[in-house]
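I have placed the structure first, in the form of structure tokens, so that the comments after it can refer back to it.
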Amino acid sequence: MITPPALSFKEIVKKIVRSIPSGSVMTYSEVAHRTGRPGASRAVGTIMSRNKDKNVPCHRVIRSDGKVGGYNGLRGGKSKIELLRKEGYLF
DNA sequence: AAAGTGACAATTA
DNA sequence: CTAATTGCCACTT
């Protein structure tokens, strides 16, 4: 049997965020719980900020306060709010 | 390896 | 209601 690839925290986070369907959002805290590190909500944000994988719709990850949080695509792009609204998520 | 960083969260004022 | 503070965790350098 093959050895299970020990996915790092960030690898799991990317996997989770990638699985977020369009029109839905997940909070950083929720993602952290899913990764097995509840309370690591901050670490999730840190990873996203340094994440270069476009396969991960990081704009679908918002704060538990209901706010969108930050986004690296602000540069010449639009805010997460615009993207989420396009996907059908109303605040 | 150690210190610094930050796209968060909860509490207090 | 908003602003400021503290605690937390993993990543980057």
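First the proteins, then the strands, lettered A, B, ... as listed; each starts at 1.
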> To the nearest Å, how far apart are A:Arg42 CZ and C:dC8 P?
Replying inline: 11 Å
> Can you find a donor-acceptor pair, distance only, under 3.5 Å between A:Tyr28 side chain and B:dA7 base?
Replying inline: yes
>> Determine whether a donor-acceptor pair (N or O, by modelled atom type, separation under 3.5 Å) exists between the side chain of A:Lys80 and the backbone of A:Arg60.
In response: no
>> Output the rounded distance in Å from NZ (A:Lys14) to C1' (C:dC11).
In response: 12 Å
>> Can you confirm whether A:Met48 sits close enough to A:Val56 that some side-chain heavy atom of one is under 4.5 Å from a side-chain heavy atom of the other?
In response: yes
> Nearest-Å distance, NZ (A:Lys10) to P (B:dG6)?
Replying inline: 17 Å
> Which of these nucleotides, B:dA7, B:dC8, C:dC11, is closest to any side-chain atom of A:Ser41?
Replying inline: B:dC8
>> Which is more 5' along DNA chain B, the nucleotide nearest A:Ile62 or the one nearest A:Val44? Just name the residue.
In response: A:Val44
>> What is the separation between atom NZ on A:Lys67 and atom C1' on B:dA10, rounded to the nearest whole Å?
In response: 12 Å
>> How long is the straight-line distance from NZ of A:Lys14 back to CD1 of A:Ile16, given to the nearest 0.5 Å?
In response: 13.0 Å
> Taking NE2 from A:His33 and P from B:dA9, how many angstroms apart are they, rounded to a whole number?
Replying inline: 12 Å
> In whole angstroms, how far is the C1' atom of B:dC8 from the CG atom of A:Asp65?
Replying inline: 8 Å
> To the nearest 0.5 Å, what is the distance between OH (A:Tyr28) and OG1 (A:Thr46)?
Replying inline: 10.0 Å
>> Does B:dA9 have OP1 or OP2 under 4.0 Å away from a side-chain N or O of A:Ser64?
In response: yes
>> So does A:Glu30 get a backbone contact from the side chain of A:Thr27, meaning a donor-acceptor N/O pair under 3.5 Å?
In response: yes
> Do A:Arg50 and C:dC11 share a donor-acceptor pair, side chain to base, under 3.5 Å?
Replying inline: no
>> Using whole Å, what does the distance between atom P of nucleotide B:dA9 and atom CD of A:Glu30 come to?
In response: 10 Å
>> Let me spell it out: for each of A:Ala40 and A:Asn51, pick the nucleotide of DNA chain C with the closest heavy atom. Which residue's pick is nearer the 5' end?
In response: A:Ala40
>> It should be established whether A:Arg63 places a side-chain nitrogen or oxygen under 4.0 Å from OP1 or OP2 of nucleotide B:dA7.
In response: no
> Whole-Å distance between C:dA10 P and A:Ile12 CD1?
Replying inline: 11 Å
